[in-house]
Amino acid sequence: MRPRAAGRTDAGVHATGQVAHVDVPGDALPNAYPRAPRAGEPEFLPLVRRLGRFLPPDVRVLEIARAPAGFDARFSALRRHYSYRLSTAPYGVQPQLARYVTAWPRVLDVDAMAAASRDLLGLHDFAAFCRQREGATTIRDLQRFDWSREGDLITAHVSADAFCWSMVRSLVGALLAVGEHRRPASWCRELLSATDRSSDFAAAPAHGLTLIGVDYPPDDQLAARTLITRDLRTRD
């Protein structure tokens, strides 16, 4: 039995909203329980508790449910949501947040970053922002890319139907160049015409990135969504 996740992330990236599925033979389920669920208790709560004792401390299964027919954690997804957090505080990042927030030592113009981000929304070939994988498309529908600021904490909110390898970190890395005024806001839009990964900017560090959610269609549309996702997308 091999679990399959909604999204694959680079080493060092976090997830609070990951979704995975695994095909389990029906006759194996009774062996998974330390006891039968009590009246009114969620069906798989005992298994959730048991996994909490066996998994490493940085991994937790929050909920287990029976998947509807046609569900695939990866291919049934409508969109994924990520956040990327940076701190421009002069002292860096508070210790309790240091694992999840990137310290950025230079001033950032968030308004310029937001303007440049809007130019990237929509269905485009994001080849300039993706590490290439043979046979994989780099065409994606970027549905949200905006920024918020709370004191020294700056957060990018990024959503798309899917992301290619290192795409979110690369998008953030390019926007940091705009935020530092090393590049004009129009530069990001020009990158959409590239056919290969751009070397004009570096991807943002992995640890500031978190997968925070995955959206799925209604149960009766899961199988159809899987067929659409598996179809290799082109610009036409």
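Since the model is a prediction, treat every value here as computed from it, not as a measurement.
- For the pair Arg4 and Arg74, the minimum side-chain heavy-atom distance is 4.5 Å or more.
- The side-chain heavy atoms of Phe71 and Val19, taken from C-beta on, include a pair separated by under 4.5 Å.
- Two different hydrophobic clusters hold Val168 and Trp165 under the rule that ILVMFWY side chains link at heavy-atom gaps under 4.5 Å.
- Under a 3.5 Å cut-off, the side chain of His124 and the backbone N or O of Arg140 do not form any donor-acceptor pair.
- In this structure, Thr16 and Ile212 approach most closely via the heavy-atom pair OG1-CA, 3.6 Å.
- Classified by interplanar angle (parallel below 30°, tilted 30° to 60°, perpendicular above 60°), the ring pair Phe145/Trp147 is tilted.
- No donor-acceptor pair under 3.5 Å is formed between the side chain of Arg183 and the backbone N or O of Gly179.
- Cluster membership check: Leu97 shares its hydrophobic cluster with Leu153, using side-chain heavy-atom separations under 4.5 Å among Ile, Leu, Val, Met, Phe, Trp and Tyr.
- Donor-acceptor pairing under 3.5 Å is recorded for the side chains of Arg149 and Thr88.
- With hydrogens and angles disregarded, no donor-acceptor distance shorter than 3.5 Å links the side chain of Asp141 to the backbone of Asp161.
- Neither Leu78 nor Ile228 shares a network with the other; the hydrophobic side chains, linked directly or stepwise wherever heavy atoms of I, L, V, M, F, W or Y lie under 4.5 Å apart, form separate groups for each.
- Shown here are the side chain to side chain donor-acceptor pair (under 3.5 Å) partners of Asp119, two or more places apart in sequence or in another chain: Arg189.
- Put simply, the side chain of His14 gets close to the backbone of Arg99: a donor and an acceptor are under 3.5 Å apart.
- Residues Cys130 and Met167 approach most closely at SG-CB, 4.0 Å, considering heavy atoms.
- Between the OG1 atom of Thr102 and the CD1 atom of Ile154 there is a distance of 11.5 Å, given to the nearest 0.5 Å.
- Residues Val101 and Val93 approach most closely at O-CG2, 3.7 Å, considering heavy atoms.
- A donor-acceptor pair under 3.5 Å is formed between the side chain of His21 and the backbone N or O of Ala73.
- At least one donor-acceptor pair under 3.5 Å links the side chain of Ser170 to the backbone N or O of Phe129.
- For Tyr84, the ring-ring contact (aromatic ring centres under 6.0 Å, His included) test picks out no residue, with sequence neighbours left out.
- The backbone N or O of Ala204 lies less than 3.5 Å from a partner atom in the side chain of Arg169, making a donor-acceptor pair.
- Test Val59, Leu211, Leu62 against Gln18 for side chain to side chain contact (heavy atoms under 4.5 Å, CB included) and you get one pass: Leu211.
- Residues Leu86 and Leu176 meet the side-chain proximity criterion, which asks for heavy atoms closer than 4.5 Å.
- The side chain to side chain contact (heavy atoms under 4.5 Å, CB included) with Met113 is formed by just one residue from the set Val172, Asp146, Leu175; it is Leu175.
- No more than 12 heavy atoms of other residues, nucleotides or ligands lie within 6.0 Å of CG in Asp23, so this atom counts as exposed by the packing criterion.
- In this structure, Thr226 and Gly70 approach most closely via the heavy-atom pair OG1-O, 3.9 Å.
- The CD atom of Gln221 sits 9.5 Å away from the CG atom of Asp219 when rounded to the nearest 0.5 Å.
- The distance from atom CG of Leu192 to atom OG of Ser198, rounded to the nearest 0.5 Å, is 11.0 Å.
- In this pair, Trp187 and Phe201 present their aromatic rings perpendicular. The plane angle is above 60°, beyond the 30 to 60° band.
- Here the side chains of Ser76 and Thr229 are not in contact, with every heavy-atom distance at 4.5 Å or above.
- Scanning both residues, Ala206 and Ala11, for their nearest heavy atoms gives CB-O, 3.3 Å.
- A donor-acceptor pair is defined here as one N or O able to donate and one able to accept, closer than 3.5 Å; no such pair exists between the side chain of Arg80 and the backbone of Ala160.
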Before you tell me yes or no, could you show the steps for Asp215 and His81 under side-chain hydrogen bond (donor to acceptor under 3.5 Å, both in side chains), namely the whole-Å CA-CA distance, both residues' side-chain angles and the distance that decides it to 0.1 Å?
CA-CA 8 Å; Asp215 294 342; His81 306 281; 2.8 Å; yes
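- Of the possible polar contacts, one joining the Ser87 side chain to the Ala89 backbone as a donor-acceptor pair under 3.5 Å is found.
- In this structure, CZ on Arg79 lies 8.0 Å from OG on Ser159, to the nearest 0.5 angstrom.
- Hydrophobic cluster membership is shared by Phe44 and Leu51, with clusters built from Ile, Leu, Val, Met, Phe, Trp and Tyr side chains linked at under 4.5 angstrom.
- Between Gly17 and Val214, the closest heavy-atom pair is O-CG2, 3.7 Å.
- Side-chain contact check for Glu180 versus Leu108: some heavy-atom pair is nearer than 4.5 Å.
- The OG1 atom of Thr155 sits 8.0 Å away from atom CD of Glu150, with the distance rounded to the nearest 0.5 Å.
- Around the CD atom of Glu63, the shell of radius 6.0 Å holds no more than 12 heavy atoms that belong to other residues, nucleotides or ligands.
- Side-chain contact check for Thr195 versus Thr138: every heavy-atom pair is 4.5 Å or farther apart.
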